[in-house]
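First the proteins, then the strands, lettered A, B, ... as listed; each starts at 1. Values below: all heavy atoms of this structure, side chains included; hydrogens, waters and symmetry mates excluded. These numbers come from a predicted model, not from an experiment.
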There are 4 protein chains.
Amino acid sequence: MIYADLMPADSEAPPRPGRPRSERARLAIMEAAADLLIEGGLAAATIEAIAARACVSKVTIYKWWSSRGAVAIDAYFHRYRLTVAFEDTGDVARDLAVQIEALADAFRGRAGEVMAELIGEAQSDATLAEVLRDRWIQPRRELTAAVLQRGISRGQVRPDVDIEILMDQLYAPLYYRLIVRHQPLDKTLAPTLVRTLLDGVRMGNEVLDPGTADTM
Amino acid sequence: MIYADLMPADSEAPPRPGRPRSERARLAIMEAAADLLIEGGLAAATIEAIAARACVSKVTIYKWWSSRGAVAIDAYFHRYRLTVAFEDTGDVARDLAVQIEALADAFRGRAGEVMAELIGEAQSDATLAEVLRDRWIQPRRELTAAVLQRGISRGQVRPDVDIEILMDQLYAPLYYRLIVRHQPLDKTLAPTLVRTLLDGVRMGNEVLDPGTADTM
Amino acid sequence: MIYADLMPADSEAPPRPGRPRSERARLAIMEAAADLLIEGGLAAATIEAIAARACVSKVTIYKWWSSRGAVAIDAYFHRYRLTVAFEDTGDVARDLAVQIEALADAFRGRAGEVMAELIGEAQSDATLAEVLRDRWIQPRRELTAAVLQRGISRGQVRPDVDIEILMDQLYAPLYYRLIVRHQPLDKTLAPTLVRTLLDGVRMGNEVLDPGTADTM
Amino acid sequence: MIYADLMPADSEAPPRPGRPRSERARLAIMEAAADLLIEGGLAAATIEAIAARACVSKVTIYKWWSSRGAVAIDAYFHRYRLTVAFEDTGDVARDLAVQIEALADAFRGRAGEVMAELIGEAQSDATLAEVLRDRWIQPRRELTAAVLQRGISRGQVRPDVDIEILMDQLYAPLYYRLIVRHQPLDKTLAPTLVRTLLDGVRMGNEVLDPGTADTM
DNA sequence: AAGTAATCGAGACGGTACGTCCGGTCTTCCT
DNA sequence: AGGAAGACCGGACGTACCGTCTCGATTACTT
């Protein structure tokens, strides 16, 4: 199993005039914000509370982040240095299920609750929405798109499918359950999603690889 | 085509002592809140702003609603007396697509943006979350479940499917696109979702009813 | 000796709708502000400090006073319910000296230091400047003008004098010394000011009533 | 008429090791501060604004001045290289009136408004207060004291007067009107102050030199 | 020429206070 | 009892300056 760290390494910046940014302050802010997020959710992670806990001035936070949400998402990534699982076993169903289950797993527990709040906040914070799309949603979609493309080129997946919609039908249910909470994110979810999508539900469509769900 | 009004009629209350609740105030609050929601989104629909615009005291609002979100969702339903479309044509694919397209249609335009904000707010307002589930999500799921059950009993859908997951794979992509905004809610979405789910995407699975998308 | 209280009694207001203003809060603000003024001067009497000490919200202060200076001057008057001394002995010199000495006396000690700060603040706070003029400077000038007018009608003072300038030459030195601090506000100041002004300093002008200074 | 420049020439400093102080920076600070003072008053002349306008770092200002007031007063003198007028005509009244009118003249217009603000600020800035006393108030008092002394030695002024109080009665009204703004600093002020003080206002005191006011 | 020492610019930083907004609660009177 | 009016406390907001603190770059005098 291979994991890709999604956090880009900070590129080496040429020395700029003036006092350099305090790494100490940055770290303290990240830790404080992450702690507050976990303890009391997004509502507790006010700029004031973060500043107080990090022993940092509010201005220092505003200097580097545009909104509460922007700090929160960075703190979230800082704490949960989340990785994207990928594997190329030659079996499309298996590869997809692995990726989706990895996300479902991340969504179980506190990290999922906080992510739900972040997604909620993003509905009224365009910056946060963009960061979430670019640093969270897209990387996963790209890996999944690659798996599906491999499936097509190997003749396992029909070439005329709309990959975007396919990925939505794989991933969206996780976010939907995370946010609406009408059903749990249980262990059977990921394989079922994949199998249903691959085989369809029309009567007569045989389940060609009934073992897919079991082997995972 | 048949439409079901989802808003329950206010039940007749037995006459209570004291001054009866002012219907004038209730309506003014709904109208004011709806106007504010549409003009400036949820952020603009503060209790103070609603009270000022409705010429109503803040206490009157707190008396009948528990939170900003509670007023907002009522105002939303008050303004967009949304209905659930259902039809029984005997064709599962068609019936599902009609329902899903009705929702996609409701999500296009301002009503969709506001709904996204309400869903966002629900992540930190349990009352709002509950109302959304009970009055918005569930009614649609029940109708869709009925369609799927009919499909099963007619032998159009395999009886061993997990209906809950199926419905997620049909509806969740709409909410996902509404909230993440990585792809538009275009007209092809609903039929494609249905067809993909029914037929699957595995190579060799023939598209049994290629006309589904065209006829809608 | 007669003292006139300069603080106007609050006129009876007709009952207005809504919760009436809290007298408790008003008093607490006055006391807190006065304490802070005396302990740390105007610089210590920030809105935040006053609010904290009075156990009152900042908004309540802003609601009733327009600036820090406005609160401070009210608190000053609240604490030093200063009175204007006046007497009509028939002796212009004596009456004037009594009034001026009363002011000099008020200016000695902490009250004078605070007044100096208030006057200083008034240079950049038009509201405060106006209040100082209307409630502090003018009442005294009016009483002094009356004394001088009596002096004129009794034939003790030449009728062609400019009363405004005369009053400046009596009062201004007190404020000048209070503010510039180049000389103290000692006991001899008031009678000397009066005598010099009445008799002039030109050689040959006899001091007609050399006892004026001694009898006070 | 003779004018004395009150600004002391910078004394020649012995060459010290290290980079010498930048005259360019000093001048830029003076100009920037003076401009800001005139445009927006003392409130606008913040250290940050001065530094930005002078293209100078804040530290450079703090290095050479202890407070905002200290910069402001230097900038004030830099811009208004004010001089003290003095003349020895043999006529005490005329000499005094000339000096006082010169000050009144300086106080009319923007320079007076700014001076009022500086005096105000000095109430909470001991350094500024000291500079004002030493470089502004005292030089004028010394010249005036000299005139009065000449008057005494010439037999024009009674020798038993308190010169300090006399000078207060001449100058204080100008500052008082500048600061309290209850009356304007008009052209008749200076001669009237002098004449009243010399002759007194007691009935019977003849105006010995009624032409004083007219000839100026 | 190299070293030393002070200054300067840029700008980040902790801190205090600002004036405002909104959420909830309360008090009073009116209907 | 409901409702309108509005005062109140509390908490957080985002901003302005303050005075301090690194930095690296300059600019003289001193070896």
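Following rounding to the nearest Å, C:Ile47 (CD1) and E:dC18 (P) show an atom-to-atom distance of 6 Å. Rounded to whole Å, the distance from OH on D:Tyr62 to C1' on F:dT20 is 9 Å.
Within 3.5 Å, a donor on the side chain of B:Lys58 pairs with an acceptor on the base of E:dG24, or the reverse. A donor N or O paired with an acceptor N or O is found under 3.5 Å between the base of F:dC21 and the side-chain atoms of A:Arg19.
Side-chain N/O atoms of D:Thr46 include none lying less than 4.0 angstrom from OP1 or OP2 on F:dA16. Residue C:Trp64 places at least one side-chain N or O closer than 4.0 Å to OP1 or OP2 of F:dC8. Note on C:Thr60: a side-chain N or O is less than 4.0 Å away from OP1 or OP2 of F:dC9. The shortest distance between the side-chain N/O atoms of A:Arg26 and the OP1/OP2 oxygens of E:dC13 is not below 4.0 Å.
In this structure, C:Val56 reaches the sugar-phosphate backbone alone: every heavy-atom distance under 4.0 Å involves primed, P, OP1 or OP2 atoms, never a base. The residue A:Arg24 sits close only to the backbone: its heavy atoms come under 4.0 Å of sugar-phosphate atoms, none of a base.
Taking the side chain as every heavy atom from C-beta outward, D:Arg135 and D:Ile73 never approach each other to under 4.5 Å.
Place B:Lys63 and B:Glu48 on DNA chain F by their nearest nucleotides, and B:Lys63 ends up nearer the 5' end.
Distances from the side chain of A:Arg21 to the nucleotides E:dC13, E:dC22, F:dC8 place E:dC13 closest.
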